[in-house]
Amino acid sequence: MTEGTTTAAAEGADTLTRLEQEGEIAADYLEALLDIADLDGDIDMDVEADRASVSIISDAGGRDLQKLVGRDGEVLEALQELTRLAVHRETGDRSRLMLDIAGYRAQKRAELAELGAEAAAEVKSSGEPVKLKPMTPFERKVVHDAIKGAGLRSESEGEEPQRFVVVLPA
């Protein structure tokens with residue numbers, strides 16, 4: 001092993017340790033929140049795509065947890081930001097932590113990937129750009145990834161909260 005390879009491996013281990021620490025801080029914060037709200041849920045932590053990922057899941061079907069998702073995931077987005085702030089307060093570093101509650105984000109990711117695939121198919125058949133409805137940054141990222149996977153290009157246009165994806169021909 002060369003010195004550069006050793007250094008890269010050490011940095012990778014440091015990053016993993018830091019992300020695991022973020023997950024643990026987030027899990028503690030969310031456990032306290034569940035206790036205050038008197039909601040049942042289990043916390044699952046992982047590291048995905050160089051970011052900490054924390055999920056709140058329930059054996060009871062997650063009906064109570066839907067309160068923490070809110071309409072169109074609005075409460076989930078707010079809780080994710082609060083959780084990121086709690087991590088930032090403890091570590092001093094900005095967090096890119098992703099929060100999922102009752103599988104909402106995972107289901108949304110699947111729906112958006114399908115939307116991206118459909119838009120890509122339409123662009124391939126028509127040769128014309130397709131504009132999609134306004135989306136959150138998370139939603140746009142999933143669609144951009146699906147478009148890239150289909151071998152096409154995409155761009156985001158507009159200003160928040162009306163920012164949207166445009167799928168472009170190859």
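These numbers were taken from a predicted model, which means no experiment stands behind them.
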Please report the closest heavy-atom contact between [X] and [Y], naming both atoms and the distance.
X    : Y    : answer
E22  : S95  : OE1-OG, 2.9 Å
G158 : R163 : O-NH1, 2.7 Å
P134 : P161 : CB-O, 3.9 Å
V143 : G116 : CG1-CA, 4.3 Å
A117 : A146 : N-CB, 4.4 Å
L152 : P169 : CD2-C, 4.2 Å

| Gap separating the OG atom of S58 from the CG atom of D42, nearest 0.5 angstrom | 7.5 Å

| request: Nearest 0.5 Å please: distance from the OH atom of Y104 over to the CG atom of L65. | output: 14.5 Å

| task | Please list, chain by chain and in numerical order, all residues satisfying side chain to side chain donor-acceptor pair (under 3.5 Å) with T136, sequence neighbours excluded. | result | E139

Name the atoms and distances for all side-chain donor-acceptor pairs under 3.5 Å in residues 25-41, with sequence neighbours left out.
none

| said: Strictly below 4.0 Å, N to O, side chains only: are D14 and R18 in salt-bridge contact? | reply: no

| message | Check this for me: does any side-chain nitrogen of one of E160 and R140 sit under 4.0 Å from a carboxylate oxygen of the other? | response | yes

| query | Do E48 and M98 pass the side-chain contact (heavy atoms from CB on, under 4.5 Å) test, and can you show the C-alpha distance, the side-chain angles, and the key distance before you say yes or no? | reply | CA-CA 9 Å; E48 299 173 3; M98 288 297 291; over 6 Å; no

| task | For the pair D100 (side chain) and I56 (backbone), establish whether a donor and an acceptor sit closer than 3.5 Å, ignoring hydrogens and angles. | result | no

| Any donor-acceptor pair under 3.5 Å from K124 side chain to A150 backbone | yes

| query | Run the side-chain contact (heavy atoms from CB on, under 4.5 Å) check on E157 and F164 step by step: do they pass? | reply | CA-CA 6 Å; E157 293 183 4; F164 58 94; 3.8 Å; yes

| said: Just by distance, no angles: are the side chains of H144 and S154 close enough, under 3.5 Å, to form a donor-acceptor pair? | reply: yes

| query | E111 pairs by side-chain contact (heavy atoms from CB on, under 4.5 Å) with which of R109, E114, Q107? | reply | Q107

| Does some side-chain heavy atom of M45 sit less than 4.5 Å from a side-chain heavy atom of E20? | no

| query | Does some side-chain heavy atom of V130 sit less than 4.5 Å from a side-chain heavy atom of V166? | reply | no

| request: For the pair L115 and M135, evaluate side-chain contact (heavy atoms from CB on, under 4.5 Å) and give the outcome as yes or no after the intermediate values. | output: CA-CA 12 Å; L115 174 68; M135 300 177 189; 3.6 Å; yes

Scan the side chains in residues 68-85 for donor-acceptor partners under 3.5 Å anywhere in the protein, sequence neighbours excluded, and list what turns up.
residue: E77; atom: OE2; partner: R105; partner atom: NH1; Å: 3.2
residue: E77; atom: OE2; partner: R105; partner atom: NH2; Å: 3.4
residue: Q80; atom: OE1; partner: L99; partner atom: N; Å: 3.0
residue: Q80; atom: OE1; partner: R105; partner atom: NH2; Å: 3.1
residue: E81; atom: OE2; partner: R84; partner atom: NH1; Å: 3.1
residue: T83; atom: OG1; partner: L79; partner atom: O; Å: 2.7
residue: R84; atom: NE; partner: L97; partner atom: O; Å: 2.8
residue: R84; atom: NH2; partner: L97; partner atom: O; Å: 2.9

| field | CA sep, side-chain torsions, deciding dist, call: V123, E128, side-chain contact (heavy atoms from CB on, under 4.5 Å) | value | CA-CA 6 Å; V123 169; E128 296 293 319; over 6 Å; no

| message | Applying a strict under-4.5 Å side-chain criterion to I, L, V, M, F, W and Y, I'd like to know whether V165 and F138 cluster together. | response | yes

